[in-house]
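Contents: one structure, followed by commentary.
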Amino acid sequence: MKRSVSERLRALRERGLVTVERRRGFPVRTRYDLTEAGRALRPLLVELYATGERLLRLNRPGFRDEQPPGQRVRR
């Protein structure tokens, strides 16, 4: 079953990874920010992404060898 973005954000909020700020006005705007715990996960997620990219290159010769803008992967 696919989950909507709002369901995923709610789950992240319940786990203490994001905060929610609802701003008055029309239309109502909602801002989500990472908590300290959410920011602490960033190095792990970056390394998981880099590992997945390396595995794809190993298993699929010719797979793009470029890095996404702003990303630097340790080798």
Side-chain angles (χ1 to χ4, degrees):
M1 180 175 129
K2 288 188 176 184
R3 293 185 346 180
S4 69
V5 172
S6 61
E7 290 172 322
R8 290 175 189 212
L9 287 167
R10 185 179 313 116
L12 291 171
R13 183 179 46 106
E14 289 170 356
R15 288 171 174 82
L17 300 175
V18 297
T19 58
V20 180
E21 177 187 346
R22 288 191 173 68
R23 297 182 176 184
R24 295 179 187 251
F26 185 81
V28 175
R29 297 186 187 267
T30 304
R31 178 185 170 132
Y32 293 88
D33 284 311
L34 289 172
T35 62
E36 187 175 336
R39 286 188 298 276
L41 289 174
R42 187 177 191 284
L44 172 67
L45 296 174
V46 168
E47 191 58 37
L48 283 172
Y49 178 86
T51 300
E53 290 285 311
R54 285 192 297 270
L55 290 172
L56 282 173
R57 280 194 300 275
L58 289 172
N59 293 321
R60 291 177 41 196
F63 183 75
R64 64 181 174 86
D65 197 24
E66 63 197 48
Q67 297 303 319
Q71 295 294 320
R72 183 169 174 233
V73 178
R74 291 181 285 145
R75 296 183 195 261

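Here the structure is a predicted model, which means the values were calculated and not measured.
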In terms of hydrophobic clustering (I, L, V, M, F, W, Y; side-chain heavy atoms under 4.5 Å; direct or indirect links), are V28 and V20 co-clustered? no
OG of S4 to CZ of R10, rounded to nearest 0.5 Å, is 7.0 Å
Taking the basic N atoms (NZ, or NE/NH1/NH2) and the acidic carboxylate oxygens, is any pair closer than 4.0 Å for E47 and R54? yes
Can you establish whether the number of heavy atoms outside E21 located under 6.0 Å from its atom CD is more than 12? yes
In terms of heavy-atom contacts, L9 and V18 come closest through O-CG2, 3.9 Å
To check you understand the geometry: which heavy-atom pair defines the closest contact between R39 and L34, and what is its length? NH1-O, 2.7 Å
In terms of hydrophobic clustering (I, L, V, M, F, W, Y; side-chain heavy atoms under 4.5 Å; direct or indirect links), are L45 and L55 co-clustered? no
Closest contact, heavy atoms only, K2 versus E7: O-OE1, 4.3 Å
V46 reachable from L48 in the ILVMFWY side-chain graph, under 4.5 Å edges: no
Heavy-atom pair of closest approach, residues A37 and G16: CB-O, 4.0 Å
